[in-house]
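Please read the structure below before turning to the comments.
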Amino acid sequence: MPQSWDLSRHIQLAVLMLILMGIIAITVRVDFWEDYSSRSISKDAEEMQKLIANQQETLREDEDRRKMTKIKEIEGRRAVLEPVILANDTDLEVLLQSYDIAVPHPSKPWNLSDTEYLLSVKGQSDWMNLLTQPEDRPNFKSLTMQERTYKALFQYLDELQSNGKDIQQPPFKDTWELFLQLETVLYPWLHLQYISLFDAQKQSKGAGMIFCVGNDQFYHAATTIRSIREAHKSNIPIEIFYINDDDLSEVKRQYFETEFTNVKTVDLSQYIDDTWTQFGGWAMKPFAILASSFTEVILSDADVFFFKKPESFLEDAGYKKTGSLFFYDRTLFADWDGGRKWMLSFLPTMSSLVRKTRWFTLRSSHEQESGVVVIDKRKAALGLMSTCKMNDKRERDEVTYDRVHGDKETFWVGYEMMQTPYAFVSSYGAVIGGLGDGGEPTRVCGNQLHLGVDGRPWWWNGGLLRDKNRWPDRYMKFTHFAEGEDWDFETSCIVEEDGIKELTKQEKTLTESFLILDAKRKKDQLAMHDGTWKPSSAGNTSGHNAKVAFSPDEDTTDMPESDED
């Protein structure tokens, strides 16, 4: 075969190989680009889907924020926004380690069909029962029904009004008029100064303390308020309520308003119609809370002294949860079943707390101590109204004060009638004083003390005297405090000795400062008696203050616990 033929064949084979390689390359490249393009499109689609999902989530979050803002705006317009507390609330487990919290029995809300029923021929008999009272003696079973109906009406109208509805125009006008009729029957004393509870709520704001003081309580209150201003360096606003000009003399009112800054005296009878209430003593306390210009109110007896600034009550977790903070009384006089029988006679439903109380377990005939009561009226005004009702002239004279000792139990029982939540600090009344001071030498004897959730002294009731009735000139010893449920009532000593602790150095220094301040009060009061006292410049105490060794910077709020005695 010629050589040229072999060369031509090689050339052809080479060309064929090139063509084949080109085809393969093109095929591979096409597959590559198809695969690349597919992956690219898929990636773009995923990114687009993520972008759309993110945008949708952002829109949902924006919508949720708008809804929450709207809800808060509406809630901000509510006259009373009572907390809704459920047994499965996530924070209850922690709170219940330090507090006893009343979780109310749930109730159904009001609606227009309820109004239509009451205005019908069939409903008139029920409405008649709501608008009338027994002639001979208050019936607390009927009263509970009336007050719970009042609450339902109030909350219904309050929600409508906060949503911009005119509750005095159709279709709500009939409901508004029914509400006013019922309010007039239940709380006629309210309408001296206020059109309704809605109006009363509008006239309060901020936080402050109130005292109910007559001439006989002046000497306690003057020292207590000076201790707040000078020992604790607190300028919390204070209102001092009295009943009329004879109850607290003009010179004593002038003393309060000129010796101290940010203190105002208020005649309660100018706000609450005394022709209905006929105030006397304890009964005025819940009414003073209602009439106070403050929304958040710390009610204090005149003879209460504090180990911490009064503002500390407003930061309490139990108070923030429920809107009301109460304290337990001493454990006294077991096996009394009057309280249990009484509540069972008129309360168809009760909170989760009632059956756990010492009243129901017959361990004590005293449950609450009302020397300090802390109430946020925007959360608890409805429960407060029920407490006021229990202290009204007819109710207290013919029923309430026959069952309980003064106003004390009317706070938590009134809340139960209205199904309003509340919290007790879960420690019973302790004692502050000295070892063997008027009793057995190994017992702590003195006045009733209340502890904070930290287990340290928070406030005590009964003043600076060891026993203001038996020893009017003898101060207490301030060395120890003790917890326990076995009280010797005659000596005011706690029998148990395993709960005795010594006051810290700071706590002792603080109580010593109170005695110095009381000496200043004695001097002023003697001058008032002699007619030589002159008021200082309004609200200016410069030049009139006793020197106090205690520094408020040595605040007892975070003091370490001392060793047990």
Side-chain angles (χ1 to χ4, degrees), residues 78-80 82 104-163 165-192 194-201 272-273 275-277 290 343 345-350 381-396 398-400 413-420:
R78 292 288 294 269
V80 178
E82 192 170 276
H105 188 276
S107 56
K108 291 183 178 181
W110 191 274
N111 56 59
L112 279 178
S113 63
D114 295 313
T115 302
E116 293 170 358
Y117 166 73
L118 287 178
L119 293 176
S120 68
V121 174
K122 184 178 180 181
Q124 283 297 298
S125 59
D126 290 332
W127 190 234
M128 188 181 300
N129 289 332
L130 289 170
L131 293 184
T132 56
Q133 297 179 353
E135 183 180 358
D136 53 349
R137 183 183 178 91
N139 184 322
F140 269 51
K141 187 182 295 184
S142 298
L143 179 57
T144 300
M145 177 184 66
Q146 289 171 303
E147 291 199 311
R148 292 185 178 186
T149 302
Y150 175 85
K151 176 180 178 177
L153 279 163
F154 184 94
Q155 291 181 322
Y156 172 70
L157 293 167
D158 194 15
E159 186 172 2
L160 287 172
Q161 192 165 245
S162 65
N163 277 282
K165 306 294 185 183
D166 187 345
I167 58 176
Q168 298 185 40
Q169 297 297 323
F172 314 115
K173 182 179 179 182
D174 289 339
T175 307
W176 168 249
E177 291 177 350
L178 293 177
F179 167 78
L180 287 180
Q181 285 180 282
L182 183 56
E183 186 177 76
T184 301
V185 170
L186 287 171
Y187 318 119
W189 34 261
L190 182 68
H191 299 146
L192 174 67
Y194 311 108
I195 298 171
S196 69
L197 180 58
F198 288 100
D199 182 45
Q201 288 293 91
I272 302 296
D273 191 343
T275 60
W276 292 95
T277 55
L290 181 65
M343 293 185 76
S345 73
F346 66 86
L347 289 179
T349 57
M350 307 176 196
L382 295 166
L384 176 62
M385 293 293 282
S386 181
T387 296
C388 288
K389 183 65 175 178
M390 294 184 74
N391 287 274
D392 204 347
K393 172 65 176 173
R394 190 169 179 230
E395 280 69 25
R396 72 175 186 261
E398 298 182 25
V399 179
T400 311
V413 176
Y415 275 48
E416 288 292 338
M417 294 175 72
M418 196 66 91
Q419 300 180 105
T420 298

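In this chain, residues are counted from 1 in sequence order. All values reported here derive from a predicted model rather than from experimental measurement.
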Open item on the list: Does Thr115 form a side-chain hydrogen bond (donor to acceptor under 3.5 Å, both in side chains) with Trp110? I'd like the steps, not just the answer.
Closed with: CA-CA 8 Å; Thr115 302; Trp110 191 274; 3.0 Å; yes
Open item on the list: With rounding to the nearest 0.5 angstrom, report the CD to OG1 distance, Gln419 to Thr349.
Closed with: 4.0 Å
Task: Test log, rule side-chain contact (heavy atoms from CB on, under 4.5 Å), inputs His191 and Glu183 - done: CA-CA 9 Å; His191 299 146; Glu183 186 177 76; 2.8 Å; yes
Open item on the list: Between Ser162 and Glu159 (side chain of the first, backbone of the second, donor and acceptor by atom type, cut-off under 3.5 Å), is there such a pair?
Closed with: yes
Task: Nearest atoms (heavy-atom pairs only) where Ile195 meets Leu180 - done: O-CD2, 4.3 Å
- [ ] Identify the two heavy atoms, one from Arg394 and one from Gln133, that lie closest to each other, and give their separation to 0.1 Å.
- [x] NH1-OE1, 3.6 Å
Open item on the list: Pair Asp392, Trp276 - check side-chain hydrogen bond (donor to acceptor under 3.5 Å, both in side chains), show working.
Closed with: CA-CA 7 Å; Asp392 204 347; Trp276 292 95; over 6 Å; no
Open item on the list: I need the minimum non-hydrogen distance between Leu118 and Gln124, along with the two atoms involved.
Closed with: O-NE2, 2.8 Å
Open item on the list: For the NE2 atom of His105 and the CZ atom of Arg148, what is their distance to the nearest 0.5 Å?
Closed with: 8.5 Å
Task: Side-chain donor or acceptor of Gln201 paired with backbone N/O of Ala79 under 3.5 Å - done: yes
TODO: Output yes when Lys389 and Glu147 qualify as a salt bridge under the 4.0 Å nitrogen-oxygen rule, no when they do not.
DONE: no
Task: Closest approach of Trp176 to Ile167 (non-hydrogen atoms, all atoms of both residues) - done: CB-O, 3.2 Å
Open item on the list: Would you say the ring centers of Phe179 and Tyr156 fall short of 6.0 Å from each other?
Closed with: no
Task: Salt-bridge criterion met for Lys151 and Glu82 (N-O under 4.0 Å) - done: yes
TODO: Without swapping roles, check the side chain of Arg137 against the backbone of Val399 for a donor-acceptor pair under 3.5 Å.
DONE: no
Open item on the list: Minimum heavy-atom separation for Thr420 and Gly383, please, with both atom names.
Closed with: OG1-N, 3.3 Å
TODO: Mind listing the closest non-hydrogen atom pair of Leu143 and Glu395 along with its distance?
DONE: CD2-CG, 4.4 Å
